[in-house]
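For reference, positions follow the sequence shown, starting with 1.
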Amino acid sequence: MIGTLVRIGWLNLKRDRAAQALTFLLPVLFFSIFASVFGGQGGDTTSSIRVAIVDEDRTDASRRIAGAFEKETALRLRKTADPDETDAAPLDRAAAEALVREGTVPVAVIIPAGTEQQIAGSGLVGVKLTLLADPSDPIAPQMVQGLLQKAIMTNAPELTITSGLQQFEKFIGMTEAQRQAIDGYVAQLKSGDAASTAGASGAMAGFTIDVVNVLGGSGQAEDLVAFYAAGIGVMFLLFSCSAAGGAMIDEVDSGTLERLIGSRAGMRGVLIGKWAFIAMMGFLQLTVMFLWGWLVFGLDLWSHIPGFVVMTAFSAAAGAALGLMLATASRTRAQLSGLSTILILTMSALGGSMFPRFLMSETMQKMGLVTFNAWALDGYLKVFWREAPLWALWPQVAVLSIVTIVLLTAARLFARRWEVV
């Protein structure tokens, strides 16, 4: 008897492709995504950090500092307003801040005017660099601070040594012969002929970094509520739309859909009506999510209403189209449940609903752009983090509109099997 029950269970699993995928495929997919993000395996697990650099001093010393940053392979520097033009004007502070605000770079480093004078007077200890940071990516500013120290100590060692020797000479003094020997060694370091000075003391490169958040208000915890509301809201929007789209399968089983198709509406009218209802339901669901964030967690919703309405409307429309496409592509509720679970959870992991995309490698971030979630979340971040005007949402709106049209077209093609010939 036990063997018979096992055999029946095996045959049921063998026939149920959705159950097979949920049992074997989904765990492997999630393991692969999380291992790629957090496991640190492979050659492209961590993307280089995009950093804008502004040299306000424009002296030999500031150029040496900027040159040290350029040699740091973990940093991808941008020094001009247009990176595609070789003769483009160098960035100034305002342009660099604009790049951070619009999300082109997460960090901008400012080498202030008077840096060379400060080094000549008291060494690097007196130098104060400014780091303009986007708090929606809290990892990048911390990494850049450490990389700046490392870059100067390893790629511009003469600055760190000169800084320390200035302090030494100030308090103890040096003979002329010692001074000449040191000057010669520093000259060798500048030309790259001297031995490596990897053991230079961190205190020698003891410049300070003033981090300034240019987005997200005060940067307090409530400023992150919008990020989590959007991420969780979009993921559950997809689940709700998929479940609502499954009503068409129930209508097929009950014979209701056949009568609806035979009416003046036809299949096209039925699909449009279903899509409109699911989209309105999705809009209401996201609105409730953000209202709860405003009421309980202090989300600044009312000053962002226009952008919120635009992103919520287009996100709900695309989500409703996805729900209909999955429903028309499935033959049973069980098949729809399995297919939608695999697809939605995978898109949510790659698209940023489960954890921020800036934690992913550059390759995975590009892969995430094929998901619905990534474009919806980018739009919400523009509204709530970057204070972007409505016209700046056009890339997200355009992509979500195209997604809606493509998925509705696919749903119409899949639904042909229900039409009475």
Exercise for the section: For the pair S340 (side chain) and S337 (backbone), establish whether a donor and an acceptor sit closer than 3.5 Å, ignoring hydrogens and angles. Expected result: yes

Practice task
To the nearest 0.5 Å, tell me how far Q142 CD sits from L131 CG.
Solution key: 11.0 Å

Handout entry: Nearest heavy-atom neighbours spanning L299 and W294
Key = O-CD1, 3.3 Å

Problem - Expected output: side-chain R417 to main-chain T328 donor-acceptor under 3.5 Å - result: yes

Handout entry: Any donor-acceptor N/O pair, R333 side chain to Q335 backbone, under 3.5 Å
Key = no

Practice task
Over all heavy atoms of both residues, which pair between L99 and A52 is shortest? Give the atoms and the distance, please.
Solution key: CD1-CB, 4.2 Å

Problem - Close side-chain approach of Y380 to F308, heavy-atom, < 4.5 Å - result: yes

Exercise for the section: Could you tell me whether the side chain of L407 reaches within less than 4.5 Å of the side chain of F372, counting heavy atoms only? Expected result: no

Problem - For L91 against A96, the heavy-atom pair lying closest together - result: CD2-N, 4.5 Å

Handout entry: Residues L345, F239; criterion side chain to side chain contact (heavy atoms under 4.5 Å, CB included); working and verdict
Key = CA-CA 9 Å; L345 288 180; F239 277 114; 3.8 Å; yes

Problem - Non-hydrogen side-chain atoms of W418 and V252 separated by less than 4.5 Å - result: yes

Fill in the blank from the handout: A244 and M281 have their tightest heavy-atom pair at CB-CE, 3.8 Å

Completion exercise
To the nearest 0.5 Å, atom OG1 of T332 lies from atom CG of D253 at 9.0 Å

Practice task
Nearest 0.5 Å please: distance from the CD1 atom of I49 over to the CG atom of L77.
Solution key: 11.0 Å

Problem - Minimal non-hydrogen separation, I249 against R331, with atom names - result: CG2-O, 4.1 Å

Problem - Distance, nearest 0.5 Å, that separates CG of L326 from CD1 of I342 - result: 11.0 Å

Problem - Under-4.0 Å salt bridge between K79 and D55 - result: no

Exercise for the section: Say whether D57 and T59, considering side chains only, have a donor N or O and an acceptor N or O under 3.5 Å apart. Expected result: yes

Problem - Check: V214 main-chain N/O paired with R101 side-chain donor or acceptor under 3.5 Å - result: yes

Handout entry: Closest approach of A321 to L408 (non-hydrogen atoms, all atoms of both residues)
Key = CB-CG, 3.9 Å

Handout entry: Point-to-point distance, once rounded to the nearest 0.5 Å, from CZ of F314 to OG1 of T404
Key = 8.0 Å

Exercise for the section: Verify, without hydrogens or angle tests, whether T312 (side chain) and V309 (backbone) share a donor-acceptor contact under 3.5 angstrom. Expected result: no

Exercise for the section: Evaluate the side chain to side chain contact (heavy atoms under 4.5 Å, CB included) criterion for residues L301 and F384: first the C-alpha distance (whole Å), next the side-chain angles of each, then the deciding distance (0.1 Å), finally the verdict. Expected result: CA-CA 8 Å; L301 174 61; F384 287 96; 4.0 Å; yes

Problem - pair S242-L322: side-chain heavy atoms closer than 4.5 Å - result: no

Exercise for the section: Rounded to the nearest 0.5 Å, what's the gap from CD1 on I111 to CZ on R64? Could you check? Expected result: 12.5 Å

Exercise for the section: Please say whether more than 12 non-hydrogen atoms of neighbouring residues, nucleotides or ligands are located less than 6.0 Å from CZ in F236. Expected result: no

Problem - L400 and M311, any side-chain heavy atoms less than 4.5 Å apart - result: yes

Practice task
Please examine the side chains of L271 and M248, heavy atoms only from C-beta on, and report whether any two atoms are closer than 4.5 Å.
Solution key: yes

Practice task
Decide yes or no on side chain to side chain contact (heavy atoms under 4.5 Å, CB included) for V397 and W394, but give the supporting numbers first.
Solution key: CA-CA 5 Å; V397 168; W394 74 263; 5.5 Å; no

Practice task
Kindly indicate whether the side chain of R357, heavy atoms from C-beta on, has any atom under 4.5 Å from the side chain of L369.
Solution key: yes

Problem - Student check: side-chain heavy atoms of M347 and M235 closer than 4.5 Å - result: no

